[in-house]
Amino acid sequence: MKSTVCRVRFAPSPTGPLHIGGIRTALFNFLFARNRGGEFILRIEDTDQARFVPGAEQYIIESLKWCGIQYDEGPDIGGPYGPYRQSDRKAIYREFAERLIAGGHAYYAFDTPEEINAKRKAAEASGNTFQYDWSTRRQLNNSLSLSSGESKKRVESGMPYVVRFRMPENDEVSITDLIRGEVVFRTGLLDDKVLFKADGLPTYHLANVVDDYLMKITHVIRGEEWLPSLPLHILLYKAFGWEDVMPSFAHLPLILKPGGQGKLSKRDGDKLGFPVFPLQWVDPVSGEVSSGYRETGYLPEAVANMLAMLGWNPGTEQELFTMEELIRTFSLERVGRSGSRFDPEKAKWYNQQYLKRKTDEELAAMFMPVLASRGIERDPGWIAKLVRLIRERIVFPQDMWEKSFFFFQAPLQYDQQMVKKVWKNHTAEIIGALSVQLLEVTDFSSTVLEEKIKSFAERQHMGTGQIMAPLRLLLVGSGTGPHLFDLMELLGKDETVRRIQKGLHEIH
RNA sequence: GGUCCGUUCGUCUAGGGGCUAGGACGCAAGGUUUUCAUCCUUGUAACAGGGGUUCGAUUCCCCUACGGACUACCA
């Protein structure tokens with residue numbers, strides 16, 4: 001029987017773009033599910049109307065798609081346990097909240113946010129902290145302190161209320177986290193969390209537990225920021241009587257900022273000098289643009305690989321993994337416990353590794369749109385040849401232009417430092433003579449050119465370097481670039497000679 | 001403040017009672033390439049501190065320090 005298929009979920013809240021930490025959580029869920037032949041579900045947790053950001057859900061979906069993280073059930077593709085958007089499940093939750101109240105695990109609370117805030121302020125003023133918990137709830141406005149008739153009257157009269165969990169005064173919750181081992185909490189220190197808000201929607205805690213139960217989730221893999229609310233969640237499962245189907249929990253270490261002040265956050269945007277989002281994001285209100293890995297030139301497979309290695313490792317020295325390999329190798333046992341500082345340099349290295357694995361044709365295909373945007377159109381075969389000459393020196397596809405622009409335009413100016421360095425008294429004369437000879441070369445290929453130019457240098461009793469450096473300067477305008485003879489071949493005889501003539505006039 | 005989690009090179013990490021503490025990124029040097037890049041070689045650099053336990057602790061235990069998360073009618 002296949003009763004033990006695992007089902008995991010990624011449950012982001014559409015309050016803005018997903019950042020790479022969120023992507024990593026999704027990735028680990030995905031890898032875990034695929035590794036065990038289970039299902040991976042995307043569930044949108046949009047119970048906070050105030051923080052809803054238009055476009056965020058679509059962004060999340062596109063980001064996952066781009067990274068190669070496919071889910072089996074989700075808001076856009078449906079599935080047997082839908083709907084997968086909590087706002088569409090609104091009708092479900094109230095009943096569960098009431099069930100909790102009936103069982104004595106929760107209660108109605110009528111305190112207004114203002115009243116609670118005032119309590120907090122007052123406590124703060126006297127150096128204390130106010131907490132809505134077993135020690136204070138008797139003094140507050142709720143169905144535990146009020147007579148049952150009074151609270152019933154209030155509820156029925158339509159007075160705003162919330163439902164709070166009745167956190168036990170003296171209990172201990174112990175649970176084995178798949179990553180952290182045994183974790184113990186004393187309930188007396190915990191507060192009576194709101195489960196159901198006055199706006200008729202559940203809070204994360206209720207919705208999350210109810211949905212995980214309803215969707216038959218077997219493993220909850222989420223960020224470490226959720227660890228403090230784990231006891232609440234466990235107690236909820238118990239209160240509902242779902243203990244026997246309660247999922248296992250795994251709390252992932254956080255991704256920290258490179259600088260070292262806390263976890264990476266959405267608000268970091270571009271402030272850190274590298275993208276924190278998978279895709280570019282334009283804030284719908286402010287119009288502020290935050291760059292994305294995709295637009296910066298990162299390959300999705302590089303991003304996935306890089307993210308996988310943040311907090312997880314295979315225990316071998318392998319660092320480059322295809323998604324298939326990650327799926328095969330992944331396990332929660334090899335996820336570390338401590339937070340990882342994100343390293344933008346390593347991210348670049350990963351990208352370069354993946355770029356190196358592309359064929360000339362693939363790189364050419366990436367380059368053509370860049371050229372097109374500059375009004376340049378060339379034969380794909382020719383572009384592939386060009387790409388071959390520059391591919392070793394790029395980190396991003398965009399770098400290809402910077403490394404090859406001189407193929408499309410003769411130098412407008414010449415690097416003066418290089419001119420000083422390589423331009424000697426007789427240089428112009430000698431190169432002039434060479435260019436005449438080049439005109440006679442019928443097979444203008446790299447190998448032939450190399451042979452011709454080397455023998456020319458010999459006849460002039462010069463080092464080849466003394467010829468090649470000025471030649472490069474003339475052709476490219478600077479001292480660096482691809483292999484000179486390959487460059488000449490690709491440029492072709494006419495253009496090569498034209499540039500030499502032009503340069504000879506302009507350099508003194 | 002309270003609760004919980006964590007701590008191996010600058011960074012990501014392997015390891016785990018006895019190892020020259022391994023790899024990768026970065027950085028540095030050398031070699032190849034008459035340039036640059038690639039590539040190769042080498043180097044750089046770590047077990048937070050203090051107590052235990054032990055013949056022996058980086059590894060196990062405790063404390064301290066430091067870091068982090070959480071502490072909303074947000075997720």
Side-chain angles (χ1 to χ4, degrees), chain A residues 11-15 22 45-51 86 109 111-113 116-117 120 124 127-129 131-132 160-164 177 179-181 183-186 188-191 193-205 207-208 222-231 251 253-254 256 258 260-263 306 309-320 334 336-350 352 356 389-395 399 403 418 421-422 454 457 463-469 472-473 476 478-484:
Chain A
S13 156
T15 56
E45 310 226 326
D46 55 349
T47 54
D48 185 4
Q49 301 161 311
R51 293 209 310 157
Q86 286 181 334
D111 320 84
T112 66
I116 303 276
N117 279 337
R120 283 211 180 91
E124 215 170 285
N128 295 97
T129 46
Q131 190 168 272
Y132 210 121
Y161 67 84
V162 299
V163 176
R164 284 182 181 271
D177 182 274
I179 291 170
R180 268 143 236 288
V183 191
V184 185
F185 300 88
R186 236 176 242 107
L189 281 351
L190 273 22
D191 66 335
K193 278 272 178 289
V194 170
L195 299 177
F196 199 84
K197 299 180 281 181
D199 66 4
L201 282 165
T203 59
Y204 169 84
H205 301 106
N208 186 261
R222 69 218 316 187
E224 193 187 351
E225 69 267 30
W226 292 109
L227 201 48
S229 42
L230 182 57
H251 289 87
L254 267 14
L256 279 8
Q261 343 70 73
K263 68 167 177 174
M306 178 261 300
M309 302 304 284
L310 232 43
W312 172 84
N313 77 82
T316 65
E317 285 179 356
Q318 185 179 354
E319 296 208 79
L320 265 9
R334 295 211 61 88
R337 282 126 307 198
S338 49
S340 327
R341 200 145 281 161
F342 180 73
D343 183 2
E345 287 305 318
K346 191 102 184 204
K348 283 187 194 166
W349 178 79
Y350 271 108
Q352 196 175 18
K356 275 167 66 175
L389 302 187
I390 56 164
R391 55 175 303 146
E392 297 293 357
R393 51 206 95 196
I394 59 169
V395 175
D399 296 341
K403 299 293 180 195
M418 277 310 289
K421 204 170 151 197
V422 305
K454 281 188 171 164
T464 16
Q466 288 173 272
I467 301 289
M468 290 176 69
R472 175 182 299 283
L473 186 63
V476 175
S478 76
T480 65
H483 190 60
L484 188 61

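In this text the structure is predicted, and so the values were computed from the model without any measurement. Chain naming here is simple, since letters A, B, ... match the order of the sequence lines and numbering starts at 1 in each.
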Taking side-chain contact (heavy atoms from CB on, under 4.5 Å) as the definition, give me every residue that meets it alongside [X], ordered by chain and number, with sequence neighbours left out.
X	result
A:Gln466	A:Met462
A:Pro344	A:Pro258, A:Phe274, A:Phe342
A:Asp177	A:Ile179, A:Arg180, A:Val183, A:Leu227, A:Phe249, A:His251
A:Pro228	none

Residues that A:Arg186 engages under side-chain hydrogen bond (donor to acceptor under 3.5 Å, both in side chains), provided they are two or more places apart: none
Those residues that, when tested against A:Lys403, pass side-chain hydrogen bond (donor to acceptor under 3.5 Å, both in side chains) (two or more places apart): none
Annotated protein contacts, base or backbone, on nucleotides 37-43 of chain B with a non-hydrogen cut-off under 4.0 Å, one of B, S, - each: BSS----
For [N], take OP1 and OP2 only and decide whether either is under 4.0 Å from a side-chain N or O of [X].
X	N	value
A:Asn313	B:U13	no
A:Ser340	B:U13	yes
A:Arg334	B:G15	yes

Identified pairing partner of B:U3, criterion: Watson-Crick or G-U wobble below 3.5 Å: B:A69
Can you name the atoms? Protein N/O to nucleotides 70-72 of chain B N/O, anything below 3.5 Å, with the distance.
| unit_1 | atom_1 | unit_2 | atom_2 | d |
| --- | --- | --- | --- | --- |
| B:C70 | OP1 | A:Lys263 | NZ | 3.3 |

Sequence-distant partners of A:Phe185, ring pair (Phe, Tyr, Trp, His ring centres under 6.0 Å), two or more places apart: none
